[in-house]
Student: 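One structure follows; several queries about it will come next.
Note that ligands are numbered from 1 as they come in the structure, with each ligand's atoms numbered from 1 the same way.
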Amino acid sequence: MATDRVTHRAPATPETIAAAAECLRLGGLVAMPTETVYGLAADATSDKAVAEIYVAKGRPAFNPLIAHVLGVEDARDHARLDDAAERLARAFWPGPLTLVAPVAPACRVCLLARAGLDTLALRAPDHPVARALIEAAGRPLAAPSANRSGHVSATTADHVLADLSGRIDWVLDAGPSPHGVESTIVACLEAGPTLLRPGAVTREAIEAALGRPLAQAASSGAPQAPGQFASHYAPRARLRLEAHAVAPHEAALDFGGALARAAAFARLDLSPSGDLVEAAANLFACIRALDEMGAASIAVAPIPGNGLGEAINDRLRRAAGYVG
Ligand code: TXA
Ligand code: MG
């Protein structure tokens, strides 16, 4: 796995921001200061770049990520903002509020960043370095908190390096994060504005801006698994995992060419060379493509459980209906 990087730590200056933005355009990973916590940024339009976030964090599952944009105009390119979302964006952006909205037809945020969902989390951060980086990169940046999976969020460049040194390309140091807690997340979907995660913007402030109370997400305010509150992408086709053979009426979701000789009516290989980063990048697009071909059943080749394989297998089990 690509965890042998040279991590450049530098004070954020116009020069280092430009260099880090170029690195992002080439698919690299940059820890950027935001007003909430440090984020681990990658090009949100590239499945391959986003897969590297999961490698660096050691995440066992693909959670949907927040796409960081400059403001409401950019957000409208990627998601359909309803009246409540527009109102909240006007009141709190740039700032520590994340809005979850249905993806727009022209959305360029990749499927892996969205964990295959048809909704998208968007935030316009208020930190000058984050803003300069998004602008210089010229695209939305996917960025979870810059910590190893299971650790607390990083609020200084030292915290970032303690977790991610040698696993990412850059840390832009701008001192401690002003808020130190993550953004508040509000879903603006059919059910009406709903608090998904409490954070740096208070419920009271949001309700005052909306002029009505927020609905509460199903289970408390803790960060939740995607399937709990969003219409999680589930294929129409039945997924048959750990398949070593394929029936002629089945489609094959292959890995490393294991099912290449099977008589499947369609076959897509997540990674012909058996590369788990490539497989993660292709996962959601391949499932959708086979589903759209009308397969009633998709036979999935065995995927190794190491590295990103753990997250890939987690998603496959969910798509197969084994996990809630
Ligand atoms: O302050 C923050 O929000 C920081 C900075 C870096 O911006 N980012 C952050 O990202 O906390 P992360 O990945 O640690 O948390 C993002 C949360 C996750 O709980 C995820 O499930 C939720 O956002 N999320 C993302 N997309 C979603 C979607 N489409 N529907 C529901 N929840 C979503
Ligand atoms: Mg986090």
Student: Have a look at ligand 1 and work out which part of Pro64, if any, has a heavy atom under 4.0 Å from it: side chain, backbone, both or neither.
Tutor: both
Student: Under 2.8 Å from the Mg ion (ligand 2) - does any N, O or S atom of Ser145 fall there?
Tutor: yes
Student: Could you tell me, atom by atom, which parts of ligand 1 come under 4.0 Å of a heavy atom of Ile185?
Tutor: 17 (C), 22 (C), 23 (O)
Student: Could you name the option among Arg197, His68, Glu182, His127 that has the heavy atom nearest to atom 7 (O) of ligand 1?
Tutor: His68
Student: Could you tell me whether Thr34 and ligand 1 have an N or O pair separated by under 3.5 Å?
Tutor: no
Student: Which atoms of ligand 1 are found less than 4.0 Å from any heavy atom of Ile66?
Tutor: 3 (O), 8 (N), 9 (C), 10 (O), 16 (C)
Student: For Ser153 and Glu182, does a side-chain donor sit closer than 3.5 Å to a side-chain acceptor?
Tutor: yes
Student: Is it true that atom CZ of Arg203 has more than 12 heavy atoms of other residues, nucleotides or ligands lying nearer than 6.0 Å?
Tutor: yes
Student: Is there a donor-acceptor contact under 3.5 Å from the side chain of Arg139 to the main chain of Ile134?
Tutor: no
Student: Output the list of atoms in ligand 1 that are nearer than 4.0 Å to some heavy atom of Ala121, sorted by atom number.
Tutor: 25 (C), 26 (N), 27 (C)
Student: Ion pair present between Arg288 and Glu292, side-chain N to carboxylate O less than 4.0 angstrom?
Tutor: no
Student: I'd like to know if Leu117 contacts ligand 1, where contact means a heavy-atom distance under 4.0 Å to any ligand atom.
Tutor: yes
Student: Closer than 4.0 Å to some heavy atom of Thr36 - which atoms of ligand 1 meet that?
Tutor: 1 (O), 2 (C), 4 (C), 5 (C)
Student: Could you tell me whether the side chain of Thr16 and the main chain of Pro11 form a donor-acceptor pair under 3.5 Å?
Tutor: yes
Student: Strictly by modelled atom types, are Asp275 and Ser273 linked by a side-chain donor-acceptor pair under 3.5 Å?
Tutor: no
Student: Is any NZ, NE, NH1 or NH2 atom of the basic residue among Arg5 and Glu52 found under 4.0 Å from an Asp or Glu carboxylate oxygen of the other?
Tutor: yes
Student: Counting each atom of ligand 1 from 1 as listed, which ones have a heavy atom of Pro144 under 4.0 Å away?
Tutor: 10 (O), 12 (P), 13 (O)
Student: State the atoms of ligand 1, each with its element, that fall below the 4.0 Å cut-off from a heavy-atom position in Ala143.
Tutor: 6 (C), 8 (N), 10 (O)
Student: Which atoms of ligand 1 are found less than 4.0 Å from any heavy atom of Ser145?
Tutor: 9 (C), 10 (O), 12 (P), 14 (O)
Student: Ligand 1 and Thr98, any nitrogen or oxygen pair closer than 3.5 angstrom?
Tutor: no
Student: Is it true that Asp158 and Thr156 share a donor-acceptor pair across their side chains at a distance under 3.5 Å?
Tutor: no
Student: Have Arg197 and Ser183 got a donor and an acceptor in their side chains that come within less than 3.5 Å?
Tutor: yes
Student: Less than 4.0 Å is my threshold; does some heavy atom of Pro96 fall inside it relative to ligand 1?
Tutor: no
Student: Could you check whether Thr36 and Arg123, counting side-chain N and O atoms only, form a donor-acceptor pair closer than 3.5 Å?
Tutor: yes
Student: Can an N or O of Lys57 be found at a distance shorter than 3.5 Å from an N or O of ligand 1?
Tutor: no
Student: Any idea which part of Thr119 is under 4.0 Å from ligand 1, heavy-atom wise: side chain, backbone, both or neither?
Tutor: both
